[in-house]
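Single-structure report; data block below.
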Amino acid sequence: MTERIADKEPFITGLGMISCLGDSAHAAFRRMREEFRAASPLSVIDAAPIRLKCAYEISSRQATLDEELRATSWLIEAIRQEIADAKLQHMRNVPVLVGTGLRELQSFERWCAKGRRFHPADLHFKTAIRAAIPQAGEVITVSNACSAGNFALGLAFDLMAVENAPVAIAAGCDSLSASMFAFTDRAAQPGLRRVQPFDRNRRGVILGEGAAAVVLESRRHAAQRGGMLRARLRAVGMSCDAAHETAPDARGIAAAITDALMASKCEPADIDLVVAHGTGTSLNDPAEASAIRAVFGAHRPPVTAIKGHTGHTSGAAGLMGVITAVLTMEANRIPPISPAIEPIDEAADFDLVVGTERAAKTRCAMVNAFGFGGVNAVAVVDRPEHLQ
Amino acid sequence: MSARASEEAIVITGTGIQLPGVNDPLELLTAVPNAEANFDPKSILGRKGLFGKDRATLLALCAAKHAFQEAKWPETGIDPARVGVVVSSNFGNLDTVERVLATLARGGPPEVSMMDAPNASSNVIASTLAIRFNCKGPNYMICSGATASGDALRVARLTLRADRADAVIVVGVEPRNPVVRQFVEPNLAHEIACEAVCETLVDGAAALLLERESKAKERGVRALFRVGDSCRSSSSLVVEIEQRLGRCHGVLAIVQAVLACAVARARDDRASAAVLDAGTCYEREWTTTVLEPMLES
């Protein structure tokens, strides 16, 4: 593979996040560190025919069956948050790359089932972003299943590297769709109440909802305006399994992890935190653990995963992982995966962060995201040098 | 990323269409395709591996196969990790979503066919292309509305110039089925009157194989066009192609590029610059991509 010279690495200067854990990135990070929660009763899709009666949905925001364009509204709010966080209100013409697994299919389903008004232009998010975010320039929606957020991040990275864009926004969002929920329901084992990544007692994945957004900015642009460098985006590695339409493939995952390490010029030993994809499904967790094992050799960095807290937020999941990594590096506190884990064989000797948060100096983190169709995107972030 | 890759020209080395009722891209200049024409994917792709594939995926696979063939793409000797996929489509899997929803209401999850699981994910077209043509590089599904086809060209060019791949297959596809027609066509009819040319939707796919110029030269294939810059634009030239095909959405810029290549070839390779537009009035969004003719060397 050709080596990529990472001489224009962008910095993360703003964060925004809406999830079932709260209306900000900091609120979510605090709750991930301090408490565990099971999924809440399902209310946003018609639960009558569905056996799995819970989800990590956003219910504090009058999550009724009547609320419209929910994913869109969180996306807009997450982008506004990050723009305020980075103090970029004066900017114009900022490219926005949106990753989503399910687009506004929730609204499409309500159009199908109940004849609700829903315009095809609202299926993606450009129209809404154009109306609500004056800072936005071009808007591109990438629908890359459960790794869409990290692909949006990679696209933003490439845009800055190739075209010298000074600022770009990467965002991800998703709300529950009944059609996708039906398939997770089919695969769920009885008694599923929470996502239990890497646990031999795991019973399946539960979908979550929310949005996450980060501002990427060149060092020069941030320096000129006094923007705070929260973290550096070293690389986003990508691969496609080209193997199976829905099942993950450890070789494809390993290829994305290897690509991320090569592009960031990191050795496995440089990575001192892995934020795993960790969906708690029978297939993902062994495949992901095997891939980490294959690439990392004997190195065993701490591994955490956030889906026990947020549910699987699909297109937002990768960027929620990136935000968690940034806040972990700032706080030197790693949030735990779950209260207790009886690890699967493939992760038996992993340094899984379990039970309580862990105090650990964290300089460089890898964030995994894998999606249906074998689309894999792995981000590497580290602290800016002056904070190393 | 090497400095060389970021500045390297990106060229079109293969084109393909799968528009039922259209046999040759040049027909797009004159004929109105037969909207009811069937196509037989088995005759193009063989029987194997087509079971359960939705129409959008089948159309895309066929168009991509034509583009690979035209580009004289070799069966072996290519590193799959250096071949990417970028697909633009907005309505590809809506029929599956609608069907699963109806089944769910009728009988609950046990009634839902697991055969539909891949098609429930909006990126099924891009991942199926990757499996079929063994493309293990970056894989993007672009669902960005009326500009999706222009965005796909931009993403593919960016992916090549970021040195993530040596070749990218770009496919635009939209299926016209009852669900999509019901969802989209009433909005076309009520669209604000600008150049509102048609009230139906395209049914078909168009594909381009893009390569880094140096790699195309190494393979000894000729290219007619370089893919130039893209930009947001506020309005568009009248897009005559839509008067024949129907509203093209995710297919528009790609099918225009296929036509530009066909016209250049028909004129003994004397290509003039072409401008690809993607967008619609109701979204008030347009992108413009420039195709620059290759100079004779």
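Numbered from 1 within each chain, the chains take letters A, B, ... in sequence-line order. Treat the numbers as computed from the prediction; the structure is a model and nothing was measured.
- Residue C143(B) touches chain A through both its backbone and its side chain, counting heavy-atom pairs closer than 4.5 Å.
- Within the 4.5 angstrom heavy-atom criterion, atoms from both the backbone and the side chain of F372(A) approach chain B.
- When heavy atoms are compared at a cutoff of 4.5 Å, S121(B) approaches chain A by way of both its backbone and its side chain.
- Each of L104(B), T159(B), L94(B) has some count of heavy-atom pairs under 4.5 Å with chain A, and the biggest count is that of L94(B).
- For the set V87(B), N123(B), V179(B), the count of heavy-atom pairs under 4.5 angstrom toward chain A peaks at N123(B).
- For A145(A), the parts lying near chain B are the backbone and the side chain together; criterion is any non-hydrogen pair under 4.5 Å.
- In this structure, chain B has a heavy atom under 4.5 Å from the side chain of L123(A), while its backbone stays farther away.
- At a 4.5 Å heavy-atom cutoff, the contact between N93(A) and chain B is made by side-chain atoms alone.
- Ring to ring, F108(A) and F183(B) are close: their centroids are under 6.0 angstrom apart.
- Side-chain atoms of S122(B) and R103(A) form a donor-acceptor pair, as typed in the model, at a separation below 3.5 Å.
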Given the rule in the ring pair (Phe, Tyr, Trp, His ring centres under 6.0 Å) test, do F68(B) and F133(B) qualify, once you have shown the distances and angles that lead to the verdict?
CA-CA 9 Å; F68(B) 276 121; F133(B) 300 107; 4.9 Å; yes

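- Heavy-atom distances place the side chain of R154(B), and not its backbone, under 4.5 Å from chain A.
- In terms of non-hydrogen atom pairs under 4.5 Å with chain B, the most contact-rich of G101(A), G154(A), A243(A), G374(A) is A243(A).
- Scanning residues 179-187 of chain A against chain B with a 4.5 Å heavy-atom cutoff picks out S179(A), M180(A), A182(A), F183(A), D185(A), R186(A), ordered by number.
- Atom CZ of R251(A) has 12 or fewer heavy atoms from other residues, nucleotides or ligands within 6.0 Å.
- Separation of atoms CG (N144(A)) and CG (L155(A)) is listed at 9.5 Å; rounding is to 0.5 Å.
- When G108(B), A117(B), A102(B) are compared by the number of non-hydrogen pairs under 4.5 Å with chain A, A117(B) comes out ahead.
- Of the atoms belonging to L159(A), heavy atoms from both backbone and side chain fall under 4.5 Å from chain B.
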After noting the C-alpha distance and the side-chain angles of L160(B) and R212(B), does the key distance pass the side chain to side chain contact (heavy atoms under 4.5 Å, CB included) rule?
CA-CA 7 Å; L160(B) 288 159; R212(B) 291 162 63 180; 4.1 Å; yes

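- Proximity to chain B (any heavy atom under 4.5 Å) is restricted, for V375(A), to the side chain, taken from C-beta onward.
- For the 3.5 Å distance criterion, the side chains of T57(B) and D54(B) qualify, holding a donor opposite an acceptor.
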Check step by step if side chain to side chain contact (heavy atoms under 4.5 Å, CB included) holds for R110(A) and R117(A).
CA-CA 9 Å; R110(A) 289 172 182 183; R117(A) 276 169 58 95; over 6 Å; no

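- Atom CG of D174(A) and atom CG of L102(A) lie 4.5 Å apart (nearest 0.5 Å).
- Salt bridge annotation for R106(B)-E111(B): absent, with no cationic side-chain nitrogen under 4.0 angstrom from a carboxylate oxygen.
- Ranked by non-hydrogen atom pairs under 4.5 Å with chain A, the options V85(B), N134(B), N90(B) are led by N90(B).
- Note: G137(A) leads G371(A), A113(A), G137(A), S177(A) in heavy-atom pairs under 4.5 Å with chain B.
- Shown here for L276(B) and A253(B), the closest heavy-atom pair between the two residues is CD1-O, 3.7 Å.
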Please determine whether side chain to side chain contact (heavy atoms under 4.5 Å, CB included) holds for the pair Y140(B) and M238(A), giving the CA-CA distance in whole Å, both sets of side-chain angles, and the decisive distance to 0.1 Å.
CA-CA 10 Å; Y140(B) 284 103; M238(A) 297 178 186; 3.0 Å; yes

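- In this model, no donor atom of one side chain and acceptor atom of the other lie less than 3.5 Å apart for E185(B) and T200(B).
- For chain A, the option among V124(B), I131(B), V100(B) with the highest count of heavy-atom pairs below 4.5 Å is I131(B).
- For V98(A), no part lies under 4.5 angstrom from a heavy atom of chain B.
- Side chains of S230(B) and T289(B): a donor on one and an acceptor on the other come within 3.5 Å.
- For the pair R99(B) and D116(B), the salt-bridge criterion is met [side-chain N within less than 4.0 Å of a carboxylate O].
- Shown here are the salt bridge (Lys or Arg N to Asp or Glu O under 4.0 Å) partners of E245(A), two or more places apart in sequence or in another chain: K53(B).
- Interface summary for chain A: among A126(B), S88(B), A148(B), A120(B), the most heavy-atom pairs under 4.5 angstrom belong to A120(B).
- Across V142(A), D241(A), I140(A), N376(A), the residue that shares the most heavy-atom pairs under 4.5 angstrom with chain B is I140(A).
- For S239(A), the parts lying near chain B are the backbone and the side chain together; criterion is any non-hydrogen pair under 4.5 Å.
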